[in-house]
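Just follow the structure's listing: the first ligand is 1, and inside any ligand the first atom is 1.
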Amino acid sequence: MERIFSVPLKGGTVTDVYMLDTMGELADVLSEQGSSILISDENASRLLPSIPGGAVIIPPGEKEKSWESVEKMLEGAASLSLARDSVFVGFGGGVVLDLAAFASSVYMRGARLVLVPTTLLSMVDATLGGKTGFDYLGIKNLVGTFYPAESVLIVPETLRTLPDSEFRSGLGEVVKHALLSEDARLWEFLESSHDLIIARDRDALSEMIRLSLEVKIWYITRDPEEKKGIRSALNLGHTFGHALESMNGFSISHGEGVAWGMHKALAAGLALGLTPDDFAARALSLLRLYGFNGDHMIPDGRFPAFMKAIRSDKKKSGGSVKFVLMEGQGKPVLTALDDNAVKAAVKGFN
Ligand SMILES: NC(=O)c1ccc[n+]([C@@H]2O[C@H](COP(=O)([O-])OP(=O)(O)OC[C@H]3O[C@@H](n4cnc5c(N)ncnc54)[C@H](O)[C@@H]3O)[C@@H](O)[C@H]2O)c1
């Protein structure tokens, strides 16, 4: 087991990130945790050679990201007589991890937390930064806390069983990190190792995850409390993408929505003369290399519904909707766009 990052976060806390070669190695580490509860879902838990007595296994899916699931976890912890120094181990995708982290943050005012992400999206996006929570009153992540894990254990081998659509969803976030990085390594690696990545070669995945996390860490450590606008850059593709996801009843995956949103952010940046042509061409070619073609159109008749979905982002931020556009590689800017600019962008390159 190799410690690949030690990430300083808000309030002097640190999250240590480890890369592990095998599930056997993970089992050894987890067996040394002492008093603990394992939290997983029915798909991810199949990867475990055996499920310990103290476990809460929920059905898979975003609809389980609910208060009822949190209750099961708190009841499980109480029935095991766990104390504040006991460990909540989340093992699964972002849904399981957000729930386990929330339950751990409120159990006895905060128990210890270890996260083991098993989807690509959760490895590169959902384990660092300390956001926890669940969906409530039909609103995604309405209730949550900020509670960083003490450690994150990544076993790339777990990605072998991940369905293709979920793998692609994670790749959308990885490509986003490549665009946002001032450093060329992730971008070049995605170009040079495409075939190995798609074949889910373990070493290629380890390297890709490591480079991708480096970018996320760069942004969160410069804005740990999300107050300087720097961390907002990680929302590249998200404002357009979320609106598309919500209009489609969340039938497209998150990463697919984000990749589409990146196409639209590039189109908007080009139209404003803000995004250089050569950068946009390179970024589009990287997106296309990974099969994100951005072709989906918002027909005129559906545009008002699309704008409504865009504006619901505004409610969350309490101000005007800001889009992340790109002035070049590693150069995001937050910009308001009028409806006409949005309309032109969602027609994009078609
Ligand atoms: N806290 C954060 O900073 C943060 C960041 C991004 C996303 N999120 C949250 O993450 C969630 C999405 O996460 P996700 O995309 O990982 O979805 P998910 O947790 O729903 O997992 C996707 C599917 O893959 C299955 N699965 C997980 N690991 C598997 C494996 N190794 N093999 C086979 N199947 C496996 C799951 O059971 C599920 O069916 C959302 O709720 C989002 O809000 C949180």
Side-chain angles (χ1 to χ4, degrees), residues 7 9-10 15 17 20 23 26 39-48 57-66 69-70 90-105 113 115-136 139-149 152-174 176-177 200 202 205 209 212-213 216-217 219-220 223-224 226 231-232 234-238 241-242 245-246 250-259 316:
V7 189
L9 293 160
K10 189 176 157 184
T15 298
V17 185
L20 288 78
M23 282 300 288
L26 177 71
I39 289 163
S40 189
D41 74 14
E42 287 159 8
N43 292 331
S45 62
R46 282 196 205 118
L47 294 160
L48 294 163
I57 311 293
I58 59 169
E62 182 75 28
K63 71 175 184 344
E64 302 300 323
K65 201 169 152 184
S66 63
S69 295
V70 174
F91 181 88
V95 166
V96 161
L97 303 185
D98 277 6
L99 286 167
F102 179 81
S104 145
S105 74
L113 175 66
L115 296 178
V116 187
T118 65
T119 61
L120 181 55
L121 185 113
S122 60
M123 288 178 189
V124 299
D125 199 29
T127 47
L128 284 181
K131 290 182 186 170
T132 86
F134 59 91
D135 307 339
Y136 194 59
I139 301 171
K140 210 167 141 53
N141 299 324
L142 182 72
V143 183
T145 54
F146 180 86
Y147 198 70
V152 171
L153 310 176
I154 298 178
V155 194
E157 186 185 300
T158 57
L159 297 180
R160 289 229 177 97
T161 53
L162 195 64
D164 282 344
S165 59
E166 299 296 343
F167 188 66
R168 275 177 59 72
S169 180
L171 284 174
E173 292 287 348
V174 175
K176 180 195 82 179
H177 286 162
R200 303 194 200 180
R202 189 176 75 186
L205 292 180
I209 292 162
S212 191
L213 277 175
K216 172 132 186 178
I217 292 167
Y219 280 94
I220 59 181
D223 188 9
E226 229 174 340
R231 200 163 156 176
S232 316
L234 293 167
N235 288 330
L236 173 63
H238 282 62
H242 277 164
E245 283 174 62
S246 73
F250 295 93
S251 60
I252 59 161
S253 77
H254 177 70
E256 205 76 58
V258 168
K316 280 186 228 154

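A distance-only check finds no donor-acceptor pair linking the side chain of Thr118 to the backbone of Thr158 [under 3.5 Å]. Side chain of Arg200 to main chain of Leu162: a donor-acceptor pair is present (N/O by atom type, distance under 3.5 Å, no hydrogens or angles).
Contacts of ligand 1 (protein heavy-atom distance under 4.0 Å) are Asp41, Asn43, Leu47, Pro60, Glu62, Lys65, Gly93, Gly94, Val95, Asp98, Thr118, Thr119, Leu121, Asp125, Ala126, Lys131, Lys140, Asn141, Thr158, Thr161, Leu162, Pro163, Glu166.
Taking both residues in full, the closest heavy atoms of Leu20 and Leu153 are given as CD1-CB, 3.9 Å, listed atom of the first, atom of the second, then distance.
Taking CD from Glu245 and CD from Glu256, the interatomic distance works out to 10.0 Å, rounded to the nearest 0.5 Å.
For the salt bridge (charged side-chain N to carboxylate O under 4.0 Å, His left out) condition, the pairs that include at least one residue of residues 90-104, sequence neighbours left out, are Lys65-Asp98.
Note on ring orientation: taking the six-membered ring where Trp is involved, the planes of His242 and His254 are tilted (angle from 30° to 60°).
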